[in-house]
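Taking it in order: structure first as structure tokens, then the write-up.
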Amino acid sequence: MKYVCDVCSWVYDETVGDEDNGIAPGTKWDDLPDDFVCPLCGAGKEEFTADE
């Protein structure tokens with residue numbers, strides 16, 4: 001699954017993760033910490049929309 005930031009359109013792809021920010025490939029969205037924020041704009045998880 002992919003999740004798109006509604007504020008800046010940055011995409012979190014579960015298969016890729018975000019190694020630049022310490023998130024390993026294969027990390028599921030639900031396994032990200034509740035205080036996860038978009039690395040580009042700082043929006044919280046509630047500002048992301050699932051995009052298959």
Side-chain angles (χ1 to χ4, degrees):
M1 284 288 287
K2 295 180 181 179
Y3 294 83
V4 180
C5 177
D6 296 333
V7 177
C8 73
S9 300
W10 181 80
V11 177
Y12 176 75
D13 184 336
E14 292 178 332
T15 60
V16 176
D18 184 16
E19 291 190 279
D20 290 342
N21 292 296
I23 302 170
T27 302
K28 298 292 185 194
W29 180 254
D30 291 338
D31 293 334
L32 292 175
D34 290 338
D35 62 352
F36 171 83
V37 295
C38 175
L40 290 186
C41 72
K45 283 178 80 173
E46 69 280 356
E47 298 292 331
F48 281 74
T49 302
D51 181 35
E52 296 182 41

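The hydrophobic clustering, which links ILVMFWY residues whose side-chain heavy atoms are closer than 4.5 Å, places Val11 and Trp29 apart. Hydrophobic clustering (side-chain heavy atoms under 4.5 Å, transitive across Ile, Leu, Val, Met, Phe, Trp, Tyr) groups Ile23 together with Leu40.
Evaluation of the side-chain hydrogen bond (donor to acceptor under 3.5 Å, both in side chains) test over residues 17-28, restricted to residues two or more places apart or in two chains, returns Asp18-Asn21.
Here the straight-line distance linking atom CD of Glu14 with atom CG of Asp31 works out to 8.5 Å at 0.5 Å rounding. Atom-to-atom distance recorded for Glu47:CD and Cys8:SG is 10.5 Å, nearest 0.5 angstrom. Note: Ser9 OG to Asp51 CG = 10.5 Å, rounded to the nearest 0.5 Å.
Contact of the Lys45 side chain with the Tyr3 side chain is not registered, since no non-hydrogen atoms from C-beta on lie closer than 4.5 Å. Lys2 places none of its side-chain heavy atoms less than 4.5 Å from the side chain of Tyr12.
Across Ala43 and Val7, no two heavy atoms sit closer than the pair CB-CG2, 3.9 Å.
Under the rule for a side-chain hydrogen bond (donor to acceptor under 3.5 Å, both in side chains), the partners of Asp13 that lie at least two apart in sequence or sit in another chain are Thr15.
Trp10 and Phe48 have perpendicular rings, their planes meeting at more than 60° on a 0 to 90° scale where under 30° would count as parallel.
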